[in-house]
Amino acid sequence: MRQSGRSTDVDSLATGLARDRFPLLARTIGDRPLHYLDTAATSQKPEAVLAALAHFYRHQNANVHRGLNTLAEEATEAYERCRRRVAGWVGAPDAAGVVITRGATSSLNLLAHGLEHLLLPGDEILLTEMEHHANLVPWQMLARRRGLQLRFIPVRDDGELDLDRLPELLGERTRVVSLVHASNVLGTVNPVAEVADRSRQRGILTVVDAAQSAGHLPLDFAAVGADFLVFSAHKAYGPMGLGFLVARPEALERLEPLEGGGEMIEWVDLESSTWAEVPRRFEAGTPNVAAAAAFPAAIDLIEELGAPAIRRHEAAVTAYALDCLQDLGGLTIYGPADSERRGGLVSFWDPLVHPHDLSTILDRHGVVVRAGHHCAQPLHRRLGVPATTRASFGLYTRRDDIDALIEGIRDARKVFAR
Amino acid sequence: MRQSGRSTDVDSLATGLARDRFPLLARTIGDRPLHYLDTAATSQKPEAVLAALAHFYRHQNANVHRGLNTLAEEATEAYERCRRRVAGWVGAPDAAGVVITRGATSSLNLLAHGLEHLLLPGDEILLTEMEHHANLVPWQMLARRRGLQLRFIPVRDDGELDLDRLPELLGERTRVVSLVHASNVLGTVNPVAEVADRSRQRGILTVVDAAQSAGHLPLDFAAVGADFLVFSAHKAYGPMGLGFLVARPEALERLEPLEGGGEMIEWVDLESSTWAEVPRRFEAGTPNVAAAAAFPAAIDLIEELGAPAIRRHEAAVTAYALDCLQDLGGLTIYGPADSERRGGLVSFWDPLVHPHDLSTILDRHGVVVRAGHHCAQPLHRRLGVPATTRASFGLYTRRDDIDALIEGIRDARKVFAR
Amino acid sequence: MTEGPQDALYREVVLDHHRHPRGARPLERFDVQASGKNPSCGDEVTLQVAFDGDRIAAVGVLSQGCAISTSSGSMMAELVVGRTVEEAAQVAERFKKVMHGDDVPAEVDLGDLEALTGVRKFPVRVKCALLPWITLLDAILARRQGRAASDRVMDVTFEERS
Amino acid sequence: MTEGPQDALYREVVLDHHRHPRGARPLERFDVQASGKNPSCGDEVTLQVAFDGDRIAAVGVLSQGCAISTSSGSMMAELVVGRTVEEAAQVAERFKKVMHGDDVPAEVDLGDLEALTGVRKFPVRVKCALLPWITLLDAILARRQGRAASDRVMDVTFEERS
Ligand SMILES: Cc1ncc(COP(=O)(O)O)c(C=O)c1O
Ligand SMILES: Cc1ncc(COP(=O)(O)O)c(C=O)c1O
């Protein structure tokens with residue numbers, strides 16, 4: 001049941017939010033204006049983030065922590081400020097629980113290795129059928145190393161998780177539950193707080209993959225009640241090469257470090273070493289200080305606009321897109337029908353035009369979408385299609401981006417109907 | 001014996017090379033001009049790298065490989081161009097042998113995990129006493145996981161490796177030799193080609209840590225004859241959050257991937273997956289495309305100036321610094337006396353002023369050095385000091401940076417002699 | 001809503017092959033069966049090849065995928081049946097070179113395949129166009145080695161460029 | 001060569017403590033021995049504390065490190081001998097707060113320690129200044145728990161701010 005749609009426009013639908021602060025959106029593809037509908041793959045960056053990045057390299061560039069001088073201290077402060085800002089932004093109780101990584105994928109691999117020593121052969125890890133490969137393959141590798149069983153919460157035909165199965169899936173041997181907050185294919189927003197709550201009652205650790213929700217949905221680590229939360233900066237209007245693992249410091253204490261090297265140690269002998277405190281223990285080597293220095297500018301923007309306003313805007317764009325795609329007819333649209341129950345993206349299958357052909361033709365219209373399995377091959381097998389076309393939205397997306405998408409699909413259908 | 005020195009100035013000593021292209025070098029510390037002598041920790045970035053970074057984010061920002069549109073294709077091309085440029089620059093036989101990582105530390109951890117399945121309890125790994133923690137701790141972790149023995153090539157009192165010990169250290173069970181090309185404390189340039197040659201004869205894999213040599217010494221992977229070579233972009237005038245593992249593609253084939261996720265897979269089922277071809281197999285998740293797009297601008301600069309000219313310049317700066325420090329009297333200066341046998345840095349111990357006090361006082365002079373163990377605690381124990389002060393140089397370093405350092409040391413001594 | 005840009009890639013010849021793919025039926029009798037997959041998009045092709053001595057007598061092209069891969073497979077069926085194995089391999093090699101943007105003598109005639117060269121801009125789509133041809137080369141290799149079947153998964157970034 | 005900048009940090013009082021450290025000798029008799037290390041720079045301090053009921057009767061401060069840590073240890077020897085354990089702990093806590101840049105009532109008198117507040121700009125150096133004091137708190141804790149020794153390694157980034 002569609003609740004909102006063309007009729008429930010919020011004001012921002014026509015203009016996007018803060019769109020003029022994103023320089024790349026002014027570019028063209030051939031002679032067409034760009035319509036960027038691939039924010040779920042990576043978001044565009046506001047001017048303020050680029051300025052902060054340039055400022056760092058022009059004025060503060062130095063390595064962190066090891067320095068006893070003004071420059072290194074400014075760089076260290078910029079780096080640690082990012083940690084504090086992220087903690088405050090996502091509602092983490094303590095900045096010492098925020099590990100700075102190179103992205104969500106690295107955060108999840110850090111976890112899958114870090115928990116290994118706590119698990120025994122036969123233990124179970126519960127995932128879902130809608131996971132991105134980043135929240136699947138690291139656990140498969142762990143399962144193989146350690147002789148574990150993977151279990152999966154099924155996806156219902158309406159795109160929601162079948163949580164009725166949860167009691168039977170949360171078994172005696174279940175040690176970890178890891179699930180996506182907002183699916184990068186279905187859009188489904190999962191009830192992560194509920195899952196975390198039911199897991200905690202049984203002493204099971206919960207991991208939330210917030211790669212698609214950070215910067216898009218209001219996020220509150222403490223309220224979710226999970227043990228670990230991961231996301232990438234680059235999908236939340238920040239720079240590439242930066243991500244986070246958020247936890248309580250005590251939870252981090254339980255993890256073994258994955259990478260060894262400088263900065264993560266305390267005492268090093270030739271034969272053995274001891275680790276530094278958390279979170280430094282997980283940050284071997286020179287971090288991406290420049291990216292960390294720049295990301296707070298993205299958080300500033302998100303907080304300036306307000307997470308609820310961004311959410312309302314993306315829901316309005318999604319409702320409009322769902323309506324328009326529905327009107328085209330003949331498409332299979334995946335995920336919840338209600339835009340309130342989903343993040344800012346729509347994936348679909350057009351039996352008349354293969355997703356690859358569609359995305360090539362859309363490119364001629366200046367419309368950037370993604371076609372493929374979106375790093376979720378098992379989910380696509382569940383859906384029964386080799387690939388889908390995905391349009392995904394950000395705070396800057398506006399009605400004419402969707403209109404151009406629809407026009408492009410019409411054109412593609414014309415081409416293939418000739 | 002000092003070969004060069006104040007008398008053998010090259011022309012560039014007075015001006016530095018291309019110094020005006022590095023915007024940060026124009027900043028001040030308090031009311032003093034900056035004298036940046038910490039390039040071994042991280043180099044400053046030329047304008048062209050910053051411009052390339054900004055250009056990427058303003059015009060090409062997209063995720064790579066998965067895209068079927070102009071934008072994603074431009075981003076992919078920028079990313080793959082970096083791989084090709086690095087291959088060409090370091091003399092790698094095939095771009096498919098270049099893995100893009102987040103830094104030298106990550107590259108070394110990738111190796112230490114990737115080789116694990118080839119090693120048996122009791123096998124030996126040969127390192128040196130002068131390794132950076134990044135080339136020590138990952139092997140310690142591997143040794144503990146796998147029951148291996150670590151062996152170490154000793155450092156002689158003149159700062160050179162004691163290669164006379166090599167025949168006895170390269171034993172029956174030695175499987176891997178990993179050593180630094182240019183020491184980040186002693187400056188020593190190790191004869192890596194010779195070590196690689198002697199290892200290869202016994203079927204032992206050789207890893208070269210080129211973190212301090214890439215961008216500073218001429219580098220030729222094929223000529224070195226090692227199996228693996230690692231370095232970070234940020235020490236070679238490139239952006240942070242980017243590094244490389246260079247090998248022949250066949251050598252990469254032997255490694256197991258460390259991280260799982262998107263892009264590194266071929267087919268993914270819920271229970272198991274197969275890996276993509278090398279090098280993609282080792283690049284799980286969204287890479288730092290922006291940094292990769294920008295790094296070739298640093299290579300351009302290095303090639304424009306010419307690796308031999310950069311080397312000559314850094315050797316001249318080093319000779320000048322060695323002379324001046326020697327003239328001060330009372331200092332213990334570490335590493336080879338001959339500037340031709342060392343990279344562009346000098347570490348020393350002043351019994352009159354603790355390194356931390358010295359670096360604080362130098363900061364008031366605008367002079368940025370590093371004080372501490374430089375992520376080489378075992379080497380410092382070998383040297384018998386808790387910490388050293390290190391001045392390190394780049395292509396932009398010039399005589400007045402060294403003069404300011406000397407003036408600062410004099411001032412510190414005056415303070416402590418009061 | 002304005003008219004979409006005239007599309008240089010989806011020319012009539014391509015669409016015609018896509019809509020009416022030649023050789024798109026299983027063979028009753030064949031010597032080699034080779035299949036290829038492109039995991040990045042799910043394109044799959046299975047080739048059945050019947051040889052008559054040194055010549056390709058018949059090809060069955062069973063495609064599942066986008067218009068580029070199905071039309072490329074269809075064009076292949078038209079181009080190679082009746083040719084010697086040597087000639088077919090040459091066409092495949094030339095097409096690979098052209099699609100990879102390498103210099104190829106102008107006199108090389110690729111027939112309808114020329115219409116597919118517009119995808120060179122998108123390496124992922126180049127894979128689509130090449131999938132049937134690389135699978136054909138696999139079939140030829142299998143024949144030479146006396147095998148009856150072959151299987152291959154294509155990689156997106158680093159393909160066999162040799 | 002010009003004269004160096006007048007250094008606000010290395011004031012005469014600091015240098016005097018550094019050159020002539022108070023209490024820098026092993027005690028013949030002590031109740032608790034506590035040591036602390038700062039791995040990032042190699043600073044080490046070993047404290048020997050003799051108690052007289054609730055009071056600190058004597059302190060031996062065996063420092064190895066930079067001028068900031070040795071002078072801070074020397075100032076400590078001057079400040080805490082003769083005070084109650086409670087008073088000494090209060091000075092330590094206040095000094096920690098001041099060094100971390102927290103607001104502290106102006107009336108709090110830290111004596112010579114005020115001269116060390118110039119290092120607040122450099123957290124690594126803050127560690128140097130705090131090392132003897134945090135080690136003292138460890139010694140007091142050990143005393144309360146009836147232990148005779150304690151050992152601690154300080155972390156650079158996330159120290160005990162509570
Ligand atoms: C010799 C050596 N190896 C490895 C590293 C680690 O490099 P990164 O911190 O960029 O990973 C460094 C830099 O500190 C180094 O000097
Ligand atoms: C749901 C989800 N999880 C994890 C990831 C991995 O993020 P990254 O590639 O930035 O590591 C993505 C992004 O593709 C995602 O959509």
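Residue numbering restarts at 1 for every chain, and letters A, B, ... go by the order of the sequence lines.
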Check your understanding: Side chain, backbone, both or neither: which part of A:Phe22 has a non-hydrogen atom closer than 4.5 Å to chain B?
Key -> neither

Review point. Between B:Leu150 and chain A, which part of the residue has a heavy atom less than 4.5 Å away: side chain, backbone, both or neither?
Key: both

**Study point:** Proximal component of A:Ser43, with respect to chain B [non-hydrogen, under 4.5 Å]
**Key:** backbone

Point to revise | Choice from A:Glu129, A:Met264, A:Gln60, A:Arg102 maximising heavy atom contacts with chain B below 4.5 Å | key: A:Arg102

Point to revise | Interchain contact, A:Leu270 with chain B, by part (heavy-atom threshold 4.5 Å) | key: both

Practice item. Using modelled atom types only, decide if a donor and an acceptor are shared between the side chain of A:Thr76 and the backbone of A:Val64 within a distance under 3.5 Å. Key: no

Practice item. Below 4.5 Å from any heavy atom of chain B, which atoms of A:Leu258 appear? Answer side chain, backbone, both or neither. Key: both

Study note, to complete from the structure: Greatest number of non-hydrogen atom pairs under 4.5 angstrom with chain A, of B:Ala376, B:Gly261, B:Pro138, falls to B:Gly261

Point to revise | Structural part of A:Gln149 lying under 4.5 Å from a heavy atom of chain B | key: neither

Review point. Which bit of B:Ser232 is near chain A, if near means a heavy-atom gap under 4.5 Å: side chain, backbone, both or neither?
Key: neither

**Study point:** Pick from B:Ile29, B:Leu362, B:Asp269 with the largest number of heavy-atom pairs that fall under 4.5 Å of chain A
**Key:** B:Asp269

Review point. A:Ala284 versus chain B, heavy atoms under 4.5 Å apart: side chain, backbone, both or neither?
Key: both

**Study point:** B:His373 and B:His380 aromatic ring geometry - parallel, tilted or perpendicular at 30°/60° bounds
**Key:** perpendicular

Practice item. Indicate yes or no: does B:Glu47 engage A:Arg58 in a salt bridge with an N to O separation below 4.0 Å. Key: yes

Review point. Top residue by heavy-atom pair count (under 4.5 Å) with chain B, among A:Arg382, A:Gln140, A:Glu256, A:Arg27?
Key: A:Gln140

Exercise for review: Can you establish whether the number of heavy atoms outside A:Arg144 located under 6.0 Å from its atom CZ is more than 12?
Suggested key: no

Practice item. Give, as side chain, backbone, both or neither, the part of B:Glu74 having an atom under 4.5 angstrom from any heavy atom of chain A. Key: side chain

Study note, to complete from the structure: Greatest number of non-hydrogen atom pairs under 4.5 angstrom with chain B, of A:Glu271, A:Glu259, A:Lys45, falls to A:Glu259

Review point. Can you name the closest pair of heavy atoms from A:Asp38 and A:Arg370 and give their distance?
Key: OD2-NE, 2.6 Å

Practice item. Can you tell which part of B:His356 gets under 4.5 Å to a heavy atom of chain A, answering side chain, backbone, both or neither? Key: both

Study note, to complete from the structure: Most heavy-atom pairs under 4.5 Å with chain B, out of A:Gly372, A:Ala290, A:Ser273, belong to A:Ser273

Exercise for review: With sequence neighbours excluded, tell me which residues meet side-chain hydrogen bond (donor to acceptor under 3.5 Å, both in side chains) with B:Asn288.
Suggested key: none

Check your understanding: When you check the side-chain N and O atoms of A:Glu131 and A:Thr128, is any donor under 3.5 Å from an acceptor?
Key -> yes

**Study point:** Closest approach of A:Pro239 to A:Ala294 (non-hydrogen atoms, all atoms of both residues)
**Key:** CG-CB, 4.2 Å

Practice item. Look at B:Leu136, B:Val368, B:Leu379 and state which one has the largest set of heavy-atom pairs under 4.5 Å with chain A. Key: B:Val368

**Study point:** Pairs of heavy atoms under 4.5 Å with chain A: top-ranked of B:Gly366, B:Ala112, B:Ser106, B:Gly243
**Key:** B:Ser106

Review point. Given that the side chain runs from C-beta out, which part of A:Arg381 has a heavy atom under 4.5 Å from chain B: side chain, backbone, both or neither?
Key: side chain

Check your understanding: Using the ring of each side chain (for Trp, its six-membered ring), is A:His113 parallel, tilted or perpendicular to B:His113, with breaks at 30° and 60°?
Key -> perpendicular

Check your understanding: Does any heavy atom of chain B fall under 4.5 Å from the side chain of A:Tyr57, the backbone, both, or neither of them?
Key -> both

Study note, to complete from the structure: Tightest non-hydrogen contact, residues A:Gly262 and B:Cys375, listed as CA-SG, 3.8 Å

Point to revise | Top contributor to chain A interface from B:Ala143, B:Ser359, B:Gly103 [non-hydrogen pairs under 4.5 Å] | key: B:Ser359

Review point. Using a distance-only test with no angle check, is there a side-chain donor-acceptor pair under 3.5 angstrom linking B:Asp363 and A:Thr70?
Key: yes

Point to revise | Closest contact, heavy atoms only, A:Asn109 versus A:Thr105 | key: ND2-O, 2.8 Å

Review point. With sequence neighbours left out, what residues match A:Thr274 under side-chain hydrogen bond (donor to acceptor under 3.5 Å, both in side chains)?
Key: A:Glu266

**Study point:** Option that, when pairs with chain B are counted at under 4.5 Å, heavy atom only, ranks first among A:Pro378, A:Ala134, A:Gly241
**Key:** A:Pro378

